[in-house]
Trainee: 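One structure, as structure tokens, below. Some questions next.
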There are 2 protein chains.
Amino acid sequence: MIEVKSVGGKNPATVVLCFCENQIDEMKRTIFFYAIALAFLVFVLKSIEYRFYVRDLSIEFYIGFIAILFTVLGIWAGLKLTRKKTVVLSPDFVLDELKLQKLGISKREHEVLQLMATGLSNQEIADKLFVSLNTIKTHSSNLFLKLEVSRRTQAVQRGKELRLIP
Amino acid sequence: MIEVKSVGGKNPATVVLCFCENQIDEMKRTIFFYAIALAFLVFVLKSIEYRFYVRDLSIEFYIGFIAILFTVLGIWAGLKLTRKKTVVLSPDFVLDELKLQKLGISKREHEVLQLMATGLSNQEIADKLFVSLNTIKTHSSNLFLKLEVSRRTQAVQRGKELRLIP
DNA sequence: ATTAGAATCATCCTTTCGGGTGAAGGCAAT
DNA sequence: ATTGCCTTCACCCGAAAGGATGATTCTAAT
């Protein structure tokens, strides 16, 4: 029982490590699983404990065993909690919709910007969106005005800077 | 002594987590510090142990205390070991010179690619490198052949994929 | 000394881009 | 209903980019 409580007590410490809201669910699951694992381990340890007492083995070895176990468990928990962070840093992308609004960039224009960033030509973008080349040219022109650039390569760069595209 | 040994035993496990050679030194230091901390804790625990025996307190509480301590220590170690990984993933950029060679991309071509990625036009690149526009066009053409692309936006994208540019 | 690759520049030609302007239909807010 | 914005499309024009080919110079390796 003491051990299970101890897991709850660690929550404040782990929360410090979590910045993104979308990670909290994952973290909760991790903590829950960790609690379950701890409870199970305590159970196992109890049985081992009695065996050790019966066989009159050294208490030091028992302590060492616990230390190793919980160290490994702690490392695993630490990795589990930070792996999200690691993954989050690069491939995660949260669109800055506020900036989109502030610059007055419409959905369609943003769409064009995204395809532009993949290296497509205006004609290819037009084909992909099932509209005419002229439409894409209009969109891109307006886009360039709003992003204050004059070339598509600059637009892509600027879009990444402003977190409009991944 | 048992605990100290256990730290050494964890090395193989932690090595698995380490991919970059430049992290190994940092990792060694971390492990060394971890070993020191463990030894110190064992010392502390021993004294506490005797006090507990003298006061005839529950062995369960003692075990719980050890479990908490080593869990926290394990989490800390896990964080310490992965923090490097986290930092390495995004802001660092190591040029893949092998890939440059494999693709037969020359210094000048690589230079052009870099400037291309900043959104400059061929003319601007020519001005910046003090060569003629035609030269840049030749370089970029050769670059496109080697990167197997047909547009500068694609070249920039591909260059980033292949770690030729940041 | 010869060869190979690089860097440089040129010319010709086609395609793509970017800028400007205009316009028609749809949709939502006033 | 009027206004404003988005989306769509069109035409024109000049600039930029891309493709092909050839030539010169220089350096480094053979």
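Just so it is clear: chains get the letters A, B, ... in the order the sequence lines come, proteins before strands, and each one is counted from 1.
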Trainee: Give a yes/no answer on whether the side chain of B:R151 brings an N or O atom under 4.0 Å of OP1 or OP2 in D:dG18.
Mentor: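 Answer no for this pair, as no side-chain N or O of B:R151 is under 4.0 Å from OP1 or OP2.
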Trainee: Whole-Å distance between D:dC6 P and A:E111 CD?
Mentor: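 After rounding, the reported distance stands at 15 Å.
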Trainee: Nearest whole angstrom, please: distance from the P of D:dC5 to the CD of A:Q101.
Mentor: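 About 14 Å, once rounded to whole Å.
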Trainee: Can you measure B:R152 atom CZ to C:dC17 atom C1' for me and round it to whole angstrom units?
Mentor: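 My rounded result for the distance is 11 Å.
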Trainee: Does anything in residues 124-132 of chain A reach DNA chain D, meaning a heavy atom under 4.0 Å, and if so which residues?
Mentor: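 A:V131, A:S132, in order of number.
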Trainee: Can a side chain N or O of B:H139 be found less than 4.0 Å away from OP1 or OP2 on C:dT8?
Mentor: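 Yes.
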Trainee: Please give, in whole Å, the distance from D:dG18 C1' to A:Q123 CD?
Mentor: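 Interatomic distance, CD of A:Q123 to C1' of D:dG18: 16 Å.
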Trainee: I'd like to check B:L115 versus B:I136 (side-chain heavy atoms, cut-off strictly below 4.5 Å). Are they in contact?
Mentor: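 A side-chain contact is absent here, since even the closest heavy-atom pair is not under 4.5 Å.
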Trainee: Write down the distance between CD (A:Q154) and P (D:dA17), rounded to a whole number of angstrom.
Mentor: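 My rounded result for the distance is 10 Å.
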Trainee: Sort out for me which residue in A:K99, A:Q114, A:R158, A:E109 forms a side-chain contact (heavy atoms from CB on, under 4.5 Å) with A:L164.
Mentor: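 So, applying the side-chain contact (heavy atoms from CB on, under 4.5 Å) to A:L164 and each of A:K99, A:Q114, A:R158, A:E109, only A:K99 qualifies.
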Trainee: For the side chain of A:K137, counting heavy atoms from C-beta on, which of D:dC12, C:dA7, D:dG18 is nearest?
Mentor: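 Shortest atom-to-atom distance from the side chain points to D:dC12.
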Trainee: Quick check on C:dC9: is either OP1 or OP2 less than 4.0 Å from any side-chain nitrogen or oxygen of B:T135?
Mentor: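 B:T135 to C:dC9 OP1/OP2: side-chain N or O found under 4.0 Å.
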Trainee: Taking the nucleotide of DNA chain C with the closest heavy atom to each, which residue, B:N134 or B:S106, is nearer the 5' end?
Mentor: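 It is B:S106 whose nearest nucleotide is closer to the 5' end.
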Trainee: So which heavy atom on A:L129 is nearest to which on A:R108, and how close?
Mentor: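 Residues A:L129 and A:R108, closest heavy atoms: O-NH2, 3.5 Å.
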Trainee: Quick check: are there more than 12 heavy atoms from other residues, nucleotides or ligands sitting under 6.0 Å from CD of B:E161?
Mentor: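 Counting neighbours around CD of B:E161, more than 12 heavy atoms of other residues, nucleotides or ligands fall under 6.0 Å, so yes.
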Trainee: Rounded to the Å, how far apart are A:I136 CD1 and D:dA10 P?
Mentor: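 Going from CD1 in A:I136 over to P in D:dA10 covers 12 Å.
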Trainee: Counting C-beta onward and ignoring hydrogens, is there a side-chain heavy-atom pair between B:F144 and B:R151 closer than 4.5 Å?
Mentor: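 The answer is no; the side chains never approach within 4.5 Å.
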Trainee: Whole-Å distance between C:dT15 C1' and A:L133 CG?
Mentor: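 Checked: the CG to C1' distance equals 11 Å.
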Trainee: If we ignore hydrogens and angles and just use 3.5 Å, is the side chain of A:K146 paired with the main-chain N or O of A:I105 as donor and acceptor?
Mentor: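 Side chain of A:K146 to backbone of A:I105: no pair is present.
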Trainee: Look at the side chain of B:T138 and the base of C:dC9, then say whether one donor and one acceptor between them are separated by less than 3.5 Å.
Mentor: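 Pair found.
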Trainee: Quick check on the hydrophobic clustering: are B:V131 and B:I125 connected, directly or via other members, by side-chain heavy-atom contacts under 4.5 Å?
Mentor: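 Hydrophobic grouping puts B:V131 with B:I125.
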Trainee: Between C:dT16 and A:N122, is there an OP1 or OP2 to side-chain N/O distance shorter than 4.0 Å?
Mentor: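 Answer is no, no contact under 4.0 Å.
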Trainee: Any idea which of C:dT11, C:dC17, C:dG19 is nearest the A:F144 side chain?
Mentor: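 Among the listed nucleotides, the one closest to the side chain of A:F144 is C:dG19.
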Trainee: Could you tell me the separation between the NZ atom of A:K107 and the P atom of D:dC5, rounded to a whole number of Å?
Mentor: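 Atom-to-atom, A:K107 to D:dC5, this comes out as 15 Å.
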Trainee: When you check the phosphate oxygens OP1 and OP2 of D:dT8, does a side-chain N or O of A:R108 lie under 4.0 Å from one of them?
Mentor: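 So the side-chain polar atoms of A:R108 do come within 4.0 Å of the phosphate oxygens OP1 or OP2 of D:dT8, strictly under.
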